[in-house]
Amino acid sequence: MRDLTASVVWVTGGGTGIGRAGAVALAAAGAEVVLSGRRAEPLEEVANAIAEAGGRASVLPLDVADAGAVSAVAEAILAQHGRIDILVNSAGLNVPKRRYDEVELDGWRKVIDVDLN
């Protein structure tokens, strides 16, 4: 991976799964990582792991389904860092009834809205 020392990276869904792995890898490459997601506790755990490995990370919780919250966090990052060089949109959700034969229209719409929009 190239040197990202001067980069500011925003990772949504950064508390678990692919978002967490990407955040850790980007921090290892030198990026300043801003972690977002719905649950502050997992985000703090990732930020602490990054710091313990010598990286730089901060936490700004949000629910990506809330467009106003997304805008507010983006503005906060820009105010603090002056830019966002890389955006990793890894936030997503699922619904309990997700099999093709039991998924409900409202659940499907929620997944599509959060995961794709």
Side-chain angles (χ1 to χ4, degrees):
M1 185 177 289
R2 72 177 204 217
D3 181 17
L4 298 176
T5 301
S7 298
V8 176
V9 177
W10 182 15
V11 180
T12 68
T16 60
I18 294 169
R20 177 189 175 109
V24 169
L26 289 160
E32 169 84 22
V33 178
V34 180
L35 301 160
S36 291
R38 290 177 289 164
R39 297 176 297 134
E41 185 176 324
L43 297 170
E44 293 291 346
E45 290 173 7
V46 176
N48 289 337
I50 287 171
E52 288 173 9
R56 300 168 294 146
S58 58
V59 171
L60 291 172
L62 71 90
D63 182 345
V64 297
D66 180 346
V70 173
S71 293
V73 168
E75 290 299 321
I77 295 168
L78 292 172
Q80 183 174 359
H81 300 285
R83 65 192 194 287
I84 300 168
D85 299 305
I86 300 170
L87 173 62
V88 178
N89 285 317
S90 189
L93 63 83
N94 218 327
V95 291
K97 294 182 178 180
R98 58 184 171 261
R99 285 175 33 116
Y100 75 94
D101 60 343
E102 60 184 14
V103 68
E104 297 171 353
L105 185 56
D106 286 342
W108 176 254
R109 286 183 175 149
K110 187 174 183 178
V111 168
I112 294 299
D113 189 45
V114 170
D115 292 3
L116 296 180
N117 295 333

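- A single hydrophobic cluster is seen to contain both V88 and I50, as judged by linkage of ILVMFWY side chains at heavy-atom distances under 4.5 Å, directly or through other members.
- One hydrophobic cluster holds both V70 and L87 under the rule that ILVMFWY side chains link at heavy-atom gaps under 4.5 Å.
- How far CD1 of I84 is from OG of S7: 12.5 Å, rounded to the nearest 0.5 Å.
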>> Please evaluate residues Q80 and V34 with respect to the criterion side-chain contact (heavy atoms from CB on, under 4.5 Å), reporting the C-alpha separation (whole Å), side-chain torsions for both, the decisive distance (0.1 Å), and the verdict.
In response: CA-CA 11 Å; Q80 183 174 359; V34 180; over 6 Å; no
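- Each of V9 and L78 belongs to its own hydrophobic cluster when Ile, Leu, Val, Met, Phe, Trp and Tyr are linked at side-chain heavy-atom distances under 4.5 angstrom.
- Nearest heavy atom pair, residue G19 against residue V11, reads O-CG1, 3.5 Å.
- For the pair D113/K110, no side-chain contact is recorded, criterion being any heavy-atom separation below 4.5 Å from C-beta on.
- With hydrophobic clusters built from ILVMFWY side chains whose heavy atoms lie under 4.5 angstrom apart, V103 does not share a cluster with L93.
- The closest donor-acceptor contact from the side chain of S36 to the backbone of P61 lies at 3.5 Å or more, if one exists at all.
- Pairing each heavy atom of P42 with each of G15, the nearest pair is CB-O, 3.6 Å.
- Listed here is the closest heavy atom pair of A29 and R2: CB-O, 3.7 Å.
- In this structure, the side chains of R39 and L43 stay at 4.5 Å or more apart for every pair of heavy atoms.
- In this structure, V114 and A65 approach most closely via the heavy-atom pair CG2-CB, 3.7 Å.
- In terms of modelled atom types and a separation under 3.5 Å, the side chain of D85 and the main chain of V8 share a donor-acceptor contact.
- With V46 as the fixed residue, the side-chain contact (heavy atoms from CB on, under 4.5 Å) test singles out one of T16, V33, L35: L35.
- Taking all atoms of both residues into account, the shortest heavy-atom contact from R20 to A49 is NH2-CB, 4.3 Å.
- No donor-acceptor pair closer than 3.5 Å links the side chain of R109 to the backbone N or O of D106.
- At distances below 3.5 Å, at least one donor-acceptor pair connects side-chain atoms of R56 with backbone N or O atoms of G30.
- Taken from CD in E32 to OG in S58, the straight-line distance is 5.5 Å, to the nearest 0.5 Å.
- Within 6.0 Å of CD in E41 there are 12 or fewer heavy atoms belonging to other residues, nucleotides or ligands.
- What you find for E102 and K97 is that their closest heavy atoms are O-CB, 3.6 Å.
- Heavy-atom neighbours of I18 CD1 from other residues, nucleotides or ligands within 6.0 Å: at or below the threshold of 12.
- V64 and V95 fall within a single hydrophobic cluster, where Ile, Leu, Val, Met, Phe, Trp and Tyr are joined by side-chain heavy atoms under 4.5 Å apart, directly or via other members.
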